[in-house]
Amino acid sequence: MAMASWRLVVPSFASWRSYGGALAATVPRLVDRVGSRSSEAVEAGTLLAESENPLQRCLSWVDLAFLGFGSVVGSGVFVLTGQEARFDAGPAIPLAYAAAGFSALLSSFCYAELAAEIPSAGGSFSYLRVELGDIAAFLAAGNILLEAVLGAAGLGRSWTSYLAALLGRDTDALRIHVPALAEGFNLLDPIAVVVLISISAVAISGARHTSTLNWLASVVGIAIIAFVLAAGFSHFDAVNLAPSFFPFGAAGVFRAAGVVYWSYTGFDMVATMAEETKNPGRDVPLGLISSMLAITAVYCLMSLALVGMQRYSEIDANAAYSVAFAAAGMKWARYVVALGALKGMTSGLLVGALGQARYTTQIARTHMIPPYFALVHPRTGTPIYATIAVTLGATCVALFSSLDVLASVSSISTLFIFALVAVALLVRRYYVAGTTTAAQLRTFLAFLALVVLSSVGLSVYYNSRYARRWPGYAAFGAGWAAGAAGLAVCAKKQRVPKVYGAPLVPWLPAMSVATNLFLMGSLGSAAYMRFGICTAAMLVYYVLFGVHATYDVAHSEDATADNLEHGKIAAAAAAPA
């Protein structure tokens, strides 16, 4: 039914001849879509009809807090801490988590306001469609799907590493080595594939069931975290932090922060559950911010316990905590830790499967991808086809790709999206179509540009050969401060939040832009190369398909609205006086 209606609504794909005509009109259609913006009513109301059945409203703020905690803790500490302590940050890895956590907390405030105002399953995709338009939203959509696939694949492979550690074997022992494939892609992981498919089946059963299971798993996880902290600090030796707390310098800490930011990505999944939350205006902000504060504290403490137990140069990059406890003489503890890591990663996969499918559902509702993936099953109240699609992509990647390849690409995608969301919040507060005057808009855009360009400049300067010289930091820092102050003093706010508002606007979102762009700059050139290739592929898809589908849908809606209005006028004219 959905695909049949798609052909009616999207005539560009009705035949090869129609598609050829659409391609010939690509440029004017791109121009049309650049200036288009959605609305809260469309994202959280009109588009829901594309799913044919509603998602079920069954979650409270406590559910959301536990979903946020379950999706993140385990997917960060147990996966990336060892890798980044060993190769980038050394004993300063807690500072890397603190820097990434500060940036993530800023982003969570931005998400909280937007989720309260636009309670849609699309999360950041919907916020960007409303505030920045179709093209920005599409780039975010592509990166969201990329993040979903790579994040799930990375957790699936880490699940295999910890299972091997639990069995007392080498972390790669359960993988199949294929010498003919390139390095980083030559260890096949069939166990990760089985885990991803199993988790997907649970997520399909329903949000209420998944949340209850996550509650139970989180209680076990909290007990294991308490044990890790108690046992870890009981074997803490300050000698392991010497001779240098910063063996790779400040650059290594920020490089690590850019990668471990991936460990915070689960919190944005909470925003996608707004459509299934009983009171999204209250529950989403409470769930998001409370879980993020708790997660940041846990990450910093657990990473400190790790580098205190074992010298950073001896840490196992794949199963850090299990091996560290064994080295400290607590061989039995490695099994508890490995079990806790498996629990944490299972929870992360479970909540990720929920959120990723809802992102995909909203993207499909807009017809940027086929609307078949927007369908919600009438019995389970879940987007089955979207869940299966993301799972299949993740299993294909998990089978081949190593963890370090996955983490760098996923981190840059996440940081890019979070920076855009912060910009979207500023746009929402300072621009309202039909209300904001041209002069007010020019003032706002000038100071916003100063914030963004100064943030980019600071990131580039820090990673240049002039990084040790202070004048560049002073110049770009002053530029950022001038831009934020200009927004606060000279630009006029056009909108007041209806339910929940992020504090310290414009300072907080401006700082979020700066921290996300700074951490993006700390990632290596290989991550940018992969990110650039993926973004180019997304733009090709948009030019060939996405722009035509969204153009047809938008103008079909316009025509429908015109017909309804003409019908009302005709009915009024025909009615007796």
(message) Are more than 12 heavy atoms, taken from residues, nucleotides or ligands other than Tyr500, located less than 6.0 Å from that residue's OH atom?
(response) yes
Using only heavy-atom distances, determine whether the side chains of [X] and [Y] contain a donor-acceptor pair under 3.5 Å.
X	Y	value
Glu43	Ser126	yes
Thr277	Arg282	no
Asn214	Ser211	no
Asp63	Trp215	yes

Quick one: side chains of residues 340-347, donor-acceptor pairs under 3.5 Å with protein atoms, not counting sequence neighbours, listed by atom name and distance.
residue, atom, partner, partner atom, Å
Lys343, NZ, Ser347, OG, 3.3
Thr346, OG1, Trp159, NE1, 2.9
Thr346, OG1, Leu342, O, 2.6
Ser347, OG, Lys343, O, 3.2

(request) Answer yes or no: is there a donor N or O on one side and an acceptor on the other, between the side chain of Asp88 and the main chain of Glu84, under 3.5 Å? (result) no
(message) Test your reading of the model: is there a side-chain donor-acceptor pair from Ser205 to the backbone of Ala201, 3.5 Å cut-off?
(response) no
(request) Please name all residues satisfying ring pair (Phe, Tyr, Trp, His ring centres under 6.0 Å) with Phe236, sequence neighbours left out, ordered by chain then number. (result) Phe233
(request) For residues Leu517 and Ala419, report the shortest heavy-atom separation together with the two atoms involved. (result) CD2-CB, 4.2 Å
(message) Quick check: closest heavy atoms across Thr361 and Ser51, and the distance to 0.1 Å?
(response) CG2-OG, 3.8 Å
(message) Tell me which pairs pass ring pair (Phe, Tyr, Trp, His ring centres under 6.0 Å) where either residue lies in residues 271-291, with sequence neighbours left out.
(response) none
(request) Can you label the angle between the Phe518 ring and the Tyr462 ring as parallel, tilted or perpendicular, going by 30° and 60°? (result) tilted
(request) For the pair Glu275 and Arg358, find out whether any cationic side-chain nitrogen is under 4.0 Å from an anionic carboxylate oxygen. (result) no
(request) Walk me through it: do Leu187 and Arg157 pass the test side chain to side chain contact (heavy atoms under 4.5 Å, CB included)? (result) CA-CA 10 Å; Leu187 290 172; Arg157 289 187 69 91; 3.7 Å; yes
